[in-house]
Amino acid sequence: MEEFTTSLVREKIEFIDDAAPPGTVAEGANVVRSNRVFLKLGKEKVVVRAQNMHTTLRMAGKVLADFYKNGPITPRIGRLGYDGEWAALISNYEREFNPYNWAAIYVNGQPAFRTKTSPFVDVVEQCALLSVDNYDATMQVAQGLMKQAGKAVRIEHSSSVAAVLTDNTQLMRCGIIHRDGERDITFSFTVSGGEMHNRVVQSIGISSALLEAINLRFVADALSEKLGGKGSGMKGSADANQHRAATGRLLALSKGLQAFEESYEVRYRPEKPDFFGTNR
């Protein structure tokens with residue numbers, strides 16, 4: 001059985017008119033902000049993109065589970081049924097407070113599933129396939145192809161790693177790096193036990209839950225402070241409703257983490273993060 005490795009990358013890609021001065025973004029420039037996971041599944045190269053970090057990982061876990069169970073994806077692209085998978089992984093909290101969430105899956109450079117169409121992302125993923133496993137060279141390839149097509153643009157690209165996941169067939173290692181302005185949270189955990197494929201899929205899901213919990217913790221704490229502490233305030237206000245929904249979602253994520261820790265041996269470094277407590 002082969003080792004598994006992937007990473008979650010946060011990206012910002014700007015498609016700027018080539019006539020615009022360097023360092024400036026011309027009015028009407030197309031900016032793509034997304035998160036990206038690359039999966040090498042046998043002969044298939046699969047990319048999962050989504051609006052936020054945790055749904056990107058969660059959708060990647062769905063793709064992996066499908067591949068492990070049913071084999072290569074390419075022969076089944078027309079009947080994948082990922083609409084149901086996507087709907088199932090979106091929480092009630094996100095349905096209410098992030099209705100514009102989106103995701104896309106590319107297999108060997110071609111879109112296999114999309115909730116939102118972006119011709120610019122399509123070009124990037126087609127060029128990523130052409131750049132032969134050198135993603136850093138992708139933007140130069142994309143610039144060249146778009147120029148040939150009569151669309152002269154300059155592509156400016158920035159990225160940062162948010163998670164690294166590796167399973168050596170005996171042990172899963174997950175590193176989380178969350179940077180947002182002045183806030184910098186870094187920790188890792190290892191997972192042992194169980195069958196490798198299940199361990200990989202479940203570990204990806206828990207990494208997703210931890211990243212979601214980090215963001216929800218900031219949201220809940222900010223709303224609590226705004227409401228006067230511990231979610232007090234007008235019960236029917238929009239802020240109070242969101243605070244109640246965020247803390248409820250944190251509780252659900254905490255229960256999922258507890259179930260995971262009961263199924264596998266999980267060790268944290270430097271220590272188990274406390275993003276889930278709702279009594280703040």
Side-chain angles (χ1 to χ4, degrees), residues 1-10 35-50 53-77 80 82 85 88-89 103 105-109 112-113 128-129 132-136 159-178 185-214 253 256-273:
M1 188 176 295
E2 294 184 358
E3 295 185 359
F4 169 85
T5 185
T6 192
S7 58
L8 170 68
V9 178
R10 304 175 70 178
N35 301 273
R36 185 180 191 267
V37 169
F38 172 75
L39 302 170
K40 184 73 165 62
L41 305 179
K43 296 181 179 181
E44 295 178 322
K45 297 178 180 179
V46 179
V47 170
V48 179
R49 284 187 180 271
M53 293 183 287
H54 59 272
T55 49
T56 309
L57 277 179
R58 207 161 280 150
M59 198 65 186
K62 295 288 188 182
V63 172
L64 270 174
D66 177 31
F67 175 79
Y68 290 151
K69 180 180 179 181
N70 300 309
I73 296 171
T74 303
R76 301 180 288 110
I77 283 181
L80 284 174
Y82 281 170
E85 299 284 9
L89 65 80
I105 299 170
Y106 292 83
V107 180
N108 293 331
F113 168 81
L129 194 69
V132 193
D133 297 329
N134 183 4
Y135 187 65
D136 290 337
S159 65
S160 61
V161 176
V164 178
L165 305 98
T166 304
D167 195 304
N168 64 3
T169 75
Q170 301 297 321
L171 184 75
M172 183 72 172
R173 297 182 184 276
C174 305
I176 305 293
I177 310 100
H178 188 284
I185 297 173
T186 303
F187 64 94
S188 64
F189 62 96
T190 59
V191 185
S192 57
E195 191 269 333
M196 177 185 169
H197 287 171
N198 289 335
R199 182 174 64 240
V200 168
V201 172
Q202 294 297 321
S203 296
I204 289 175
I206 289 302
S207 297
S208 168
L210 288 165
L211 282 167
E212 183 179 3
I214 293 172
L253 292 171
L257 178 61
Q258 182 179 354
F260 177 75
E261 292 173 339
E262 291 173 354
S263 300
Y264 298 93
E265 182 178 345
V266 184
R267 296 188 178 184
Y268 296 90
R269 181 175 294 184
E271 59 186 4
K272 181 178 178 179

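Each residue takes its place number in the sequence, starting with 1. If you're wondering where the values come from, they're calculated on a predicted model, not measured in any experiment. Computed over heavy atoms, backbone and side chain alike; hydrogens, waters and symmetry mates excluded.
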Is Phe38 close to Val9 at the side-chain level, that is, under 4.5 Å between some pair of heavy atoms? no
Taking only residues two or more places apart in sequence, or in another chain, which ones meet Glu195 in a side-chain contact (heavy atoms from CB on, under 4.5 Å)? Met1, His197, Asn198
With sequence neighbours excluded, what pairs up with Gln170 under the side-chain contact (heavy atoms from CB on, under 4.5 Å) test? Asn168
Sequence-distant partners of Lys272, salt bridge (Lys or Arg N to Asp or Glu O under 4.0 Å), two or more places apart: Glu261
Using atom types as modelled, flag every donor-acceptor pair under 3.5 Å from a side chain in residues 67-74 to any protein atom, sequence neighbours excluded.
| residue | atom | partner | partner atom | Å |
| --- | --- | --- | --- | --- |
| Asn70 | ND2 | Asp66 | OD1 | 2.7 |
| Thr74 | OG1 | Glu44 | OE2 | 2.5 |

Salt bridge (Lys or Arg N to Asp or Glu O under 4.0 Å) partners of Arg36, counting only residues at least two apart: Glu125
Would you please name every residue forming a ring pair (Phe, Tyr, Trp, His ring centres under 6.0 Å) with Phe189, sequence neighbours left out? Tyr268
Not counting sequence neighbours, which residues clear salt bridge (Lys or Arg N to Asp or Glu O under 4.0 Å) with Arg267? List them please. Glu265
For Ser207, enumerate each residue passing the side-chain hydrogen bond (donor to acceptor under 3.5 Å, both in side chains) test, keeping only those at least two apart in sequence or located in another chain. none
Contacts of Arg199 that satisfy salt bridge (Lys or Arg N to Asp or Glu O under 4.0 Å) - sequence neighbours left out: Asp167
Among all residues two or more places apart in sequence or in another chain, which pass the side-chain contact (heavy atoms from CB on, under 4.5 Å) test with Ala209? Arg58, Leu253
side-chain contact (heavy atoms from CB on, under 4.5 Å) with Thr5: which residues, sequence neighbours excluded? Thr166
